[in-house]
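Shown next, in structure tokens, is the structure this report addresses.
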Amino acid sequence: MNFSSKLLENAVNEFSRLPGIGQKSALRLVLHLLNQSEQDVNRFSEAMSQLKTKIKYCSECYNISDDQICEICASHKRDKSIICVVEDTRDVMAIENTNQFQGVYHVIGGLISPMDGVGPADLRIEQLLERLRKGEVEEIILALSATMEGDTTIFYLYKKIKDFNLKISTIARGIAFGGELEYVDEVTLGRSIVTRIPYERNIA
Ligand SMILES: [Zn+2]
């Protein structure tokens with residue numbers, strides 16, 4: 001692409017680094033921004049830069065939060081004896097949308113994937129065990145994707161937590177999780193959380 005302006009080229013290059021955005025789409029977005037008022041563009045760029053500087057991770061569950069402790073962990077209405085383990089913040093959002101879960105979460109931040117060089121130490125598994133050692137948790141729901149990486153991670157977690165004397169369950173398999181979870185309809189996802197399956201039965 002031949003640009004008439006270096007500034008235009010820089011902006012297009014930044015947009016085209018985003019997943020799923022090619023140069024043509026990037027150019028369309030940049031030209032759209034250029035037609036906005038200065039105020040609108042400032043608000044846009046401020047929202048982007050604050051993403052990195054202001055957003056925190058909850059020190060309990062590691063969900064994305066504006067505060068040290070997220071709203072879910074801080075709520076007195078939530079049952080702290082049930083932890084739902086999920087891959088990332090999209091899963092928390094999808095489960096919250098079902099209004100079927102009153103416990104709290106633990107966001108591990110990925111799945112074990114030797115192919116991608118992601119091992120257990122790269123995930124927030126030790127932090128989960130730390131929460132369990134406090135002795136207040138009675139049940140763990142392993143709500144990870146039904147992929148090979150999800151299965152590997154669930155089995156690894158199971159081995160780590162089985163001696164804590166907890167109820168361990170998974171949600172119905174076949175539910176697309178991880179990146180795809182947000183597209184699962186709320187009724188199906190909500191039902192699979194309510195009718196969760198004890199994990200031991202799965203591996204028997
Ligand atoms: Zn939290």
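Whatever order the structure lists them in is the order used to number ligands and atoms, beginning at 1.
Ion pair E126/R133 flagged as a salt bridge, since at least one NZ, NE, NH1 or NH2 atom sits closer than 4.0 Å to an Asp/Glu carboxylate oxygen.
Taking distances strictly below 2.8 Å, the protein N/O/S atoms close to the Zn ion (ligand 1) are C58 SG, C61 SG, C70 SG, C73 SG.
The two residues F101 and C84 come nearest to each other via the heavy atoms CZ-CB, 3.4 Å.
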Pairs under 3.5 angstrom only: tabulate donor-acceptor contacts from the side chains of residues 106-115 to other protein residues two or more places apart or in another chain.
{"residue": "H106", "atom": "ND1", "partner": "R131", "partner atom": "NH1", "Å": "3.0"}
{"residue": "H106", "atom": "NE2", "partner": "R124", "partner atom": "O", "Å": "2.7"}
{"residue": "S113", "atom": "OG", "partner": "D116", "partner atom": "N", "Å": "3.4"}
{"residue": "S113", "atom": "OG", "partner": "D116", "partner atom": "OD2", "Å": "2.9"}

Donor-acceptor pairs under 3.5 Å, side chain of residues 4-11 to any protein atom, not counting sequence neighbours: which ones?
{"residue": "S5", "atom": "OG", "partner": "L7", "partner atom": "N", "Å": "3.1"}
{"residue": "S5", "atom": "OG", "partner": "L8", "partner atom": "N", "Å": "3.0"}

Without placing hydrogens or testing angles, list every side-chain donor-acceptor pair under 3.5 Å for residues 63-74, not counting sequence neighbours.
{"residue": "N63", "atom": "OD1", "partner": "T89", "partner atom": "OG1", "Å": "2.5"}
{"residue": "S65", "atom": "OG", "partner": "D67", "partner atom": "N", "Å": "2.9"}
{"residue": "S65", "atom": "OG", "partner": "D67", "partner atom": "O", "Å": "2.8"}

As a quick check of understanding, evaluate salt bridge (Lys or Arg N to Asp or Glu O under 4.0 Å) for E96 and R78, giving each step before the final call.
CA-CA 12 Å; E96 284 300 289; R78 306 299 294 234; 2.9 Å; yes
